[in-house]
*Asks:* 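Mind looking over this structure? Questions follow.
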Amino acid sequence: MTKVEMELLREEMDDVNLRLLDLINERAKIVQKIGEIKSKQSVNRFDPVRERDMIDKIIANNSGPFENSTIEHIFKEIFKASLELQEDDHRKALLVSRKKKPEDTVIKIKDAVVGDGNVEYVMGPCSVESYEQVAQVAQAVKTRGIKLLRGGAFKPRTSPYDFQGLGLEGLEILKRVADEYDLAVISEIVNPADIEKALDYIDVIQIGARNMQNFELLKAAGEVDKPVLLKRGLSATISEFINAAEYIVSRGNGNIILCERGIRTYEKATRNTLDISAVPILKQETHLPVMVDVTHSTGRRDLLLPAAKAALAIGADGIMAEVHPDPAVALSDSAQQMDIPMFHEFMDEIKQLENRILPAKELG
Ligand code: PEP
Ligand code: MN
């Protein structure tokens, strides 16, 4: 074959490529029109019978040199791409995604602002045990300028024989303390039926790790006008976590704080493995604020401060940790809550780092 012949064949090939391109796009436009009709009629877009029929017709006309199986493969790819073209916008871009909303979601909770570039702290006991216990922590929290107090009233415990929380009485205690110390309170709700009632007592609804895929709870939290702190499930992937948040926002409530609290791995040195890289990934992929719970992720008092430092350095919007006046007698998580002197040391140290990082953040 001469060089000229080769050139000619190449030109011919380029020409065929462009014709194929035109044909594929012409087909895509027809697919879009069909998609519009189907969406008005609420008919399922994927129609396997119709697809089989099209393949059969194509194969019946195949005179080679491609084998039937190759032709079938190529056309199935074209069908698949067309189907994706018909998929609704939600599948392409979730409501929680940056693609859908590039600007950060900023959540105001009384005096606290989560997601505006500053760091908010959520501190308080694992469980609400008594008025005095919560008030002692609230008093310490208040002196540090912290605005968000936590405390569990409904406790999802691994064992049914462990302390299950004070329930509504616990919420009443939280509300009383919050009013007295002018703090906002966060507490976990485990039953969709309790959400309405809880609105009178708490400022943020926490959905715990064990309930991250309790879809009825997510939907119920999505239907109220109250911020939600959603924790990552024990074995949830980042994608599952994001989809759990999507459940809430799809029902109308966009005020969601994501909270990385460690995931279950083979490592036994810590209670869970803090997946620190989830923080920037979640911040890149969603517009929601991201917090890090250093207590449940590490399960170790000696790691609370270094984990919190890592969280700040990697760009978390807030840090959650548990504080109890006397952890040794706490009814839950006694091994990892800070006592009040330790809490003050923790705040001294973390504030030093915050002051070094945050001005730099503003400049950058
Ligand atoms: C909690 O924060 O009280 C709690 C139970 O945490 P998690 O759901 O992350 O285990
Ligand atoms: Mn706890």
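Numbers here are sequence positions counted from 1. Atoms within each ligand, like the ligands themselves, are counted from 1 in listed order. Quick caveat, the model's predicted, so the values are computed rather than measured.
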*Asks:* Pull out every atom of ligand 1 sitting under 4.0 Å from any heavy atom of Glu188, numbered as shown with elements.
*Replies:*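 Under 4.0 Å from Glu188, ligand 1 has these atoms: 5 (C).
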*Asks:* Counting both backbone and side chain atoms, is some N or O of Gln206 under 3.5 Å from an N or O of ligand 1?
*Replies:*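 Yes, Gln206 has an N/O under 3.5 Å of an N/O on ligand 1.
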*Asks:* Check whether any N or O atom of Asp293, backbone or side chain, sits under 3.5 Å from an N or O atom of ligand 1, and answer yes or no.
*Replies:*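 N/O-N/O distance below 3.5 Å does not exist for this pair.
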*Asks:* By atom name, which N, O or S atom of Glu322 is the nearest to the Mn ion (ligand 2)?
*Replies:*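 It is OE2, the N, O or S atom of Glu322 closest to the Mn ion (ligand 2).
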*Asks:* Find out whether the Lys NZ or Arg CZ of Arg176 is both under 6.0 angstrom from the six-membered ring centre of Tyr131 and within 45° of the ring's axis.
*Replies:*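 Here Arg176 passes the 6.0 Å and 45° test against Tyr131.
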*Asks:* Check the surroundings of atom CG in Asp225: do more than 12 heavy atoms from other residues, nucleotides or ligands lie under 6.0 Å from it?
*Replies:*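 Result for CG/Asp225: open.
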*Asks:* Taking CD in Glu196 as the centre, count heavy atoms belonging to other residues, nucleotides or ligands within less than 6.0 Å. Is the count above 12?
*Replies:*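 Open.
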*Asks:* Heavy-atom distance under 4.5 Å between the side chains of Asp200 and Lys175, does that happen here?
*Replies:*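 Side-chain contact under 4.5 Å: no.
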*Asks:* Do Leu83 and Glu51 come within less than 4.5 Å of each other through their side chains, counting heavy atoms only?
*Replies:*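 Side-chain contact under 4.5 Å: no.
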*Asks:* Looking only at N/O atoms, are Ala209 and ligand 1 under 3.5 Å apart anywhere?
*Replies:*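 So ligand 1 has an N or O lying under 3.5 Å from an N or O of Ala209.
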*Asks:* Take Tyr201 and Leu168, measure what side-chain contact (heavy atoms from CB on, under 4.5 Å) needs, and give me the verdict at the end.
*Replies:* CA-CA 9 Å; Tyr201 299 93; Leu168 196 57; 3.8 Å; yes
*Asks:* Which atoms of ligand 1 are found less than 4.0 Å from any heavy atom of Gly208?
*Replies:*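 Result: 8 (O).
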*Asks:* Counting heavy atoms only, name the option from Arg150, Lys231, Met320 that's nearest to atom 7 (P) of ligand 1.
*Replies:*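 The nearest heavy atom belongs to Lys231.
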*Asks:* Could you tell me if any non-hydrogen atom of Arg232 lies under 4.0 Å from any atom of ligand 1?
*Replies:*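 No.
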*Asks:* So does His296 get a backbone contact from the side chain of Glu322, meaning a donor-acceptor N/O pair under 3.5 Å?
*Replies:*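 No: the side chain of Glu322 does not pair with the backbone of His296.
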*Asks:* Return the name of the atom in Asp333, of element N, O or S, nearest to the Mn ion (ligand 2).
*Replies:*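 Asp333's closest N, O or S atom to the Mn ion (ligand 2) is named OD2.
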*Asks:* List every atom of ligand 1 that sits less than 4.0 Å from any heavy atom of Arg261, numbering the atoms from 1 in the order shown and giving each element.
*Replies:*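 Here the atoms of ligand 1 in question are 7 (P), 9 (O), 10 (O).
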